[in-house]
Amino acid sequence: GLNRTLTARELLETHRHALPLPPEATSLLSRELKDDLLRGLIESKERDAGWNYRFGMQLAREIEGELRTRWQRPQADSAIAQMARWIEDAIR
């Protein structure tokens with residue numbers, strides 16, 4: 001998890017010259033990137049107070065989608081919410 005994030009960040013830094021950023025940019029984020037979850041994933045300083053929960057909920061929904069479609073194991077809304085809380089706690 002965290003190692004992948006650090007590797008991804010290093011990859012972005014290595015290829016900064018190819019990103020659509022002005023040369024003087026101090027951030028890896030393009031102004032064109034509007035998704036606040038992605039912005040917070042790339043730059044932690046972009047996260048607001050509710051980011052951890054929203055990220056946890058999004059990831060929990062993605063996990064539930066995989067469980068439902070690939071394994072025919074749909075999850076109750078309460079299970080999805082619990083997964084989101086576990087994810088939120090893990091990334092604090």
Side-chain angles (χ1 to χ4, degrees):
L2 183 57
N3 287 335
R4 282 184 163 170
T5 302
L6 293 173
T7 301
R9 176 136 183 112
E10 289 170 4
L11 188 61
L12 285 171
E13 288 286 358
T14 300
H15 298 284
R16 177 186 278 271
H17 64 280
L19 297 174
L21 301 171
E24 70 281 356
T26 59
S27 171
L28 292 171
L29 298 174
S30 168
R31 289 185 297 268
E32 297 170 20
L33 179 60
K34 304 298 183 202
D35 185 320
D36 71 316
L37 290 178
L38 287 176
R39 292 183 71 83
L41 194 58
I42 295 168
E43 295 275 359
S44 61
K45 66 183 177 187
E46 293 285 321
R47 298 174 187 176
D48 62 18
W51 186 91
N52 289 349
Y53 178 76
R54 289 192 314 278
F55 179 79
M57 185 56 80
Q58 178 66 30
L59 186 54
R61 286 184 183 131
E62 295 292 328
I63 292 168
E64 193 281 331
E66 281 293 307
L67 289 170
R68 183 175 14 87
T69 58
R70 183 175 272 182
W71 305 101
Q72 291 76 46
R73 304 283 305 215
Q75 303 295 302
D77 288 343
S78 60
I80 297 167
Q82 182 61 55
M83 281 191 285
R85 285 189 293 273
W86 288 334
I87 294 165
E88 178 184 13
D89 289 343
I91 60 177
R92 283 182 194 236

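Since this is a predicted model, take the numbers as computed values, not measurements.
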Leu59 side chain near Ile63 side chain, heavy-atom distance below 4.5 Å:
yes
Could you pull out the closest heavy-atom pair between Ala60 and Ile80, with the gap in Å?
CB-O, 3.5 Å
Gln58-Arg61 side chain donor-acceptor pair, cut-off 3.5 Å
no
From Leu29 CG over to Ile42 CD1, what is the distance, rounded to the nearest 0.5 angstrom?
5.5 Å
Go through it in stages, so that I can follow the logic: the residues are Arg54 and Asp48, the test is side chain to side chain contact (heavy atoms under 4.5 Å, CB included), and I'd like the CA-CA distance, side-chain angles, deciding distance and then a yes or no.
CA-CA 10 Å; Arg54 289 192 314 278; Asp48 62 18; 3.2 Å; yes
Could you tell me whether Arg39 and Glu43 make a salt bridge, using a distance below 4.0 angstrom between a side-chain N and a carboxylate O?
no
Applying side chain to side chain donor-acceptor pair (under 3.5 Å) to Glu24 and not counting sequence neighbours gives none
Taking Glu64 for its side chain and Gln75 for its backbone only, find out whether a donor-acceptor pair lies under 3.5 Å.
yes
Using 0.5 Å steps for rounding, measure from the CD1 atom of Ile91 to the CG atom of Leu41.
9.0 Å
Starting from the C-alpha separation in whole Å, work towards a yes-or-no answer on salt bridge (charged side-chain N to carboxylate O under 4.0 Å, His left out) for Arg85 and Glu88.
CA-CA 5 Å; Arg85 285 189 293 273; Glu88 178 184 13; over 6 Å; no
Arg47 side, atom CZ; Leu37 side, atom CG - distance, nearest 0.5 Å
10.0 Å
Which heavy atom of Leu12 sits nearest to which heavy atom of Leu19, and what is that distance?
O-CD1, 4.0 Å
Given side chains that start at C-beta, do those of Asp36 and Glu46 come closer than 4.5 Å, heavy atoms only?
no
Residue pairs passing the ring-ring contact (aromatic ring centres under 6.0 Å, His included) test where at least one lies in residues 54-92, sequence neighbours excluded
Trp51-Phe55
Mind listing the closest non-hydrogen atom pair of Arg16 and Thr26 along with its distance?
NH2-O, 4.2 Å
